[in-house]
There are 2 protein chains.
Amino acid sequence: MLTPKQLGKLPGIGRALRSASIKDIARLAGVSHSTVSRALRGGVLVRDETASRIRKIAEEVGYRPSAAARSLVSGHSDTIGVVVTNVADPFVAGVVRGIEDRAEEHRYAVFLANSNADPDREVRVVRAFEERRVDGIIVTSSRVGALYVPVMERMRVPIVLLNNQHASHFAHSVMIDNTKASLEVTRHLIQLGHRHIGYIGDRSGHQSDTERLAGYRHALEGAGIPFDPSLTIQGDGRPEGGGIAMARLLQLNRLPTAVFCYNDMTALGAMRQIRLHGLRVPHDISVAGFDDLYLDEYLDPPLTTVHQPMREMGRIAMQTLLNIFTGESNSHNVRVEGRLIVRGSTAAPKEEQ
Amino acid sequence: MLTPKQLGKLPGIGRALRSASIKDIARLAGVSHSTVSRALRGGVLVRDETASRIRKIAEEVGYRPSAAARSLVSGHSDTIGVVVTNVADPFVAGVVRGIEDRAEEHRYAVFLANSNADPDREVRVVRAFEERRVDGIIVTSSRVGALYVPVMERMRVPIVLLNNQHASHFAHSVMIDNTKASLEVTRHLIQLGHRHIGYIGDRSGHQSDTERLAGYRHALEGAGIPFDPSLTIQGDGRPEGGGIAMARLLQLNRLPTAVFCYNDMTALGAMRQIRLHGLRVPHDISVAGFDDLYLDEYLDPPLTTVHQPMREMGRIAMQTLLNIFTGESNSHNVRVEGRLIVRGSTAAPKEEQ
DNA sequence: TTGCGTATTGCACACGTGTGCAAGACTTGG
DNA sequence: CCAAGTCTTGCACACGTGTGCAATACGCAA
């Protein structure tokens, strides 16, 4: 152990105004800071005895290299930035977990920032990332993809979009195959015997909404069922909007016998609205969602949905950045497949009365 | 705009190997880098005309100050670290959102790291935070609070614990009043007429579990109902554990008429198990939870629970750090009150047969 | 002993930003 | 026209780490 006197050699360390630097260790070991740097990094150009002495002192003073100083000279920060609309959204939280998983494996630190779907805030967030010199950026579910183009030009920082709009303008993206998955859901409903199927979407203009609607229409078409615009209603991707939209569907003269919802949160609100109307799922109306949130199987009835591998998608997004860092690839556009999961919320329609 | 020739004066900028620094701007403006620094910071010691010329150039080259260089000299990073067990847990996600909200308001960046309840990983995470010189740390729901004591000693970094064990060993914490809230829940069940009430807890050893159990027992005591150990079963804080625990309660000779669950996730599993047994909530068994997750009111029946203001608790934790940074306070132990929310999952017990 | 090669270490500069001090330019008053 | 004061700017160093180059010390062969 170091004596208090030795510690006294380090001005400020005793009372810890700042943490120990390699210069402090150099002073204690009686060598130059260069030697300390080499001993703690490679150790190749330093005599074994000297190196181990230095390492011992470093251990004793609890030395931690300053990432800021290191990144200043190395040119990279070993840090990435993640912009999300809202971490409290369970889909987003799952994605973030996957990102962080893989980042931690490779010793990258993760900055997390909520945009709250507010463009001004998104601008501030991106500016903060620029100042912190993140090595890469991942953006989930943003509507303002265009915002990131100048950032890429200026910083030359790779940006991976995850389920974003306008992903095609970017070199890197991870997207779920919305059209195919919603085609499967709708086909499932058709196979059960439904021919009067509603669709509750997200706010208009969202690419994923457009694609899911396209899959729905494609399935109807394939089965020779005419598309009925009155059965397609906008929601907001949350239970509130799902409930309101469902209420409108329930005012139609001829009720749908099944409803496909943009996502599970929307389905949650729709199912509640159906219950409030005194109807039962799936006896009166079948309901299907999208995402496969953890809670789906605990609902009554459990929700039929599309499994979207959120955590895996987060991992892929981070892996894409890692591949770019190591130069293993220049362009990445990953298309992830969804998987239909049939549970109790969908069933054959009751007999026509 | 700058001509390509002017841009050529900046080696590497044209092809953007690194972003522009104040030295680059100084060269373009024909002044020293000190003048640029002053112009872009305060602007007080610089002639107006010079300052505006510099600002214009900075704008044109898309200058962003390097946080690393700045923090090296300033001694603070304007960054905090958040350690969570798992972001995908909706309670945790809510807290993180609150933290990030307030941090963004004050221009602090947030590092997020999952520990996955793995002590080794938690150690690595904290080491990474040390190297990045975070100005403060917030830890949620960790079981290894003791880990952070040496970190505080070494870095002198303020640490705020949120719903952690052993919070009493630390100067700063934000906790919900578990005992009082669970006392209220249990009293609510007693007032409905229940006298045979089960409790499904978290894994043993968790402080919050101990406190919630204490509130439960206290309420029973106050009503003159003897404590029956066979009605108290361990879960794991997740639906799976809640289901398994409930299955054991359902094997008792005399079934409980109500069950108070450690949290809503546990209640989710318990309710499902009750349905699988062919019984109904609340007709046969009432169920209450803890947390008030967004999905509670969309369940069938909607879940009676304790509202835990997760987002607000996150904000308070961040605010505590900010207060410490500005020297406004030295010690902070905030106790947040829960609020009983009665919904459809609790009702009077059916008539004794 | 001398010469040469190698192992070990220190010097000095770089990264980008901030700031105390001094020097120069300019203004104002007499 | 000169002196004193103010305004504006540059120099030089600091923060903590990394690294090319030179210097020194050591071992070994001739």
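Here the structure is a predicted model, which means the values were calculated and not measured. Letters A, B, ... mirror the listed sequences (proteins, then strands); counts begin at 1.
- Rounding to whole angstrom units, NE2 of residue A/His76 and P of C/dG16 are separated by 14 Å.
- In this structure, B/Val36 reaches neither bases nor backbone, as no heavy-atom distance under 4.0 Å exists between it and the strands shown.
- A salt bridge is defined here as a Lys NZ or Arg NE, NH1 or NH2 lying under 4.0 Å from an Asp or Glu carboxylate O, and B/Glu100 with B/Arg97 fails to meet this definition.
- Whole-Å rounding puts the A/Ile54 CD1 to D/dT17 P distance at 13 Å.
- Side-chain N/O atoms of B/Arg41 include none lying less than 4.0 angstrom from OP1 or OP2 on C/dT17.
- Whole-Å rounding puts the A/Arg27 CZ to C/dG10 P distance at 14 Å.
- Dashed line: the shortest gap from a side-chain N or O of B/Thr35 to OP1 or OP2 of D/dG10 is under 4.0 Å.
- Applying the 4.0 Å criterion to OP1 and OP2 of C/dC11, one finds that A/Ser34 has every side-chain N and O outside that range.
- Rounding to whole angstrom units, CZ of residue A/Arg133 and P of C/dT17 are separated by 7 Å.
- To the nearest angstrom, C1' of C/dG16 lies 13 Å from CG of B/Leu40.
- Contact between the side-chain N/O atoms of A/Ser32 and the OP1/OP2 oxygens of C/dG10 is found at a separation under 4.0 Å.
- An OP1 or OP2 oxygen of D/dG18 is reached within less than 4.0 angstrom by a side-chain nitrogen or oxygen of A/Ser37.
- One atom, CG of B/Leu72, and another, P of D/dG18, lie 12 Å apart when rounded to the nearest Å.
- Spacing between atom CD of A/Glu130 and atom P of C/dG16 amounts to 16 Å, rounded to whole angstrom units.
- With D/dG10, D/dT17, C/dT8 as the candidates, the nucleotide lying closest to the side chain of A/Arg47 is C/dT8.
- Ranking C/dG16, C/dC15, D/dC15 by closeness to the B/Ala69 side chain, first place goes to C/dG16.
- In this structure, a donor-acceptor pair under 3.5 Å is absent between the side chains of B/Arg132 and A/Ser66.
- Judged by distance alone, with hydrogens and angles left aside, B/His33 brings a side-chain donor or acceptor within reach of the base of C/dG18, the pair sitting under 3.5 Å.
- Ion pair B/Asp78/B/Arg107 not flagged as a salt bridge, since none of the NZ, NE, NH1 or NH2 atoms sits closer than 4.0 Å to an Asp/Glu carboxylate oxygen.
- With rounding to whole Å, B/Ile22 atom CD1 is found 15 Å from C/dA14 atom C1'.
- OP1 or OP2 of D/dG18 lies within a sub-4.0 Å distance of a side-chain N or O belonging to A/Arg70.
- Ion pair A/Glu312/A/Arg315 flagged as a salt bridge, since at least one NZ, NE, NH1 or NH2 atom sits closer than 4.0 Å to an Asp/Glu carboxylate oxygen.
- Donor-acceptor pairing under 3.5 Å is lacking for the side chains of A/Thr320 and A/Asn323.
- Here B/Thr50 lies in heavy-atom contact (under 4.0 Å) with sugar-phosphate atoms only.
- For A/Arg38 against C/dG10, a side-chain N or O and a base N or O form a donor-acceptor pair under 3.5 Å.
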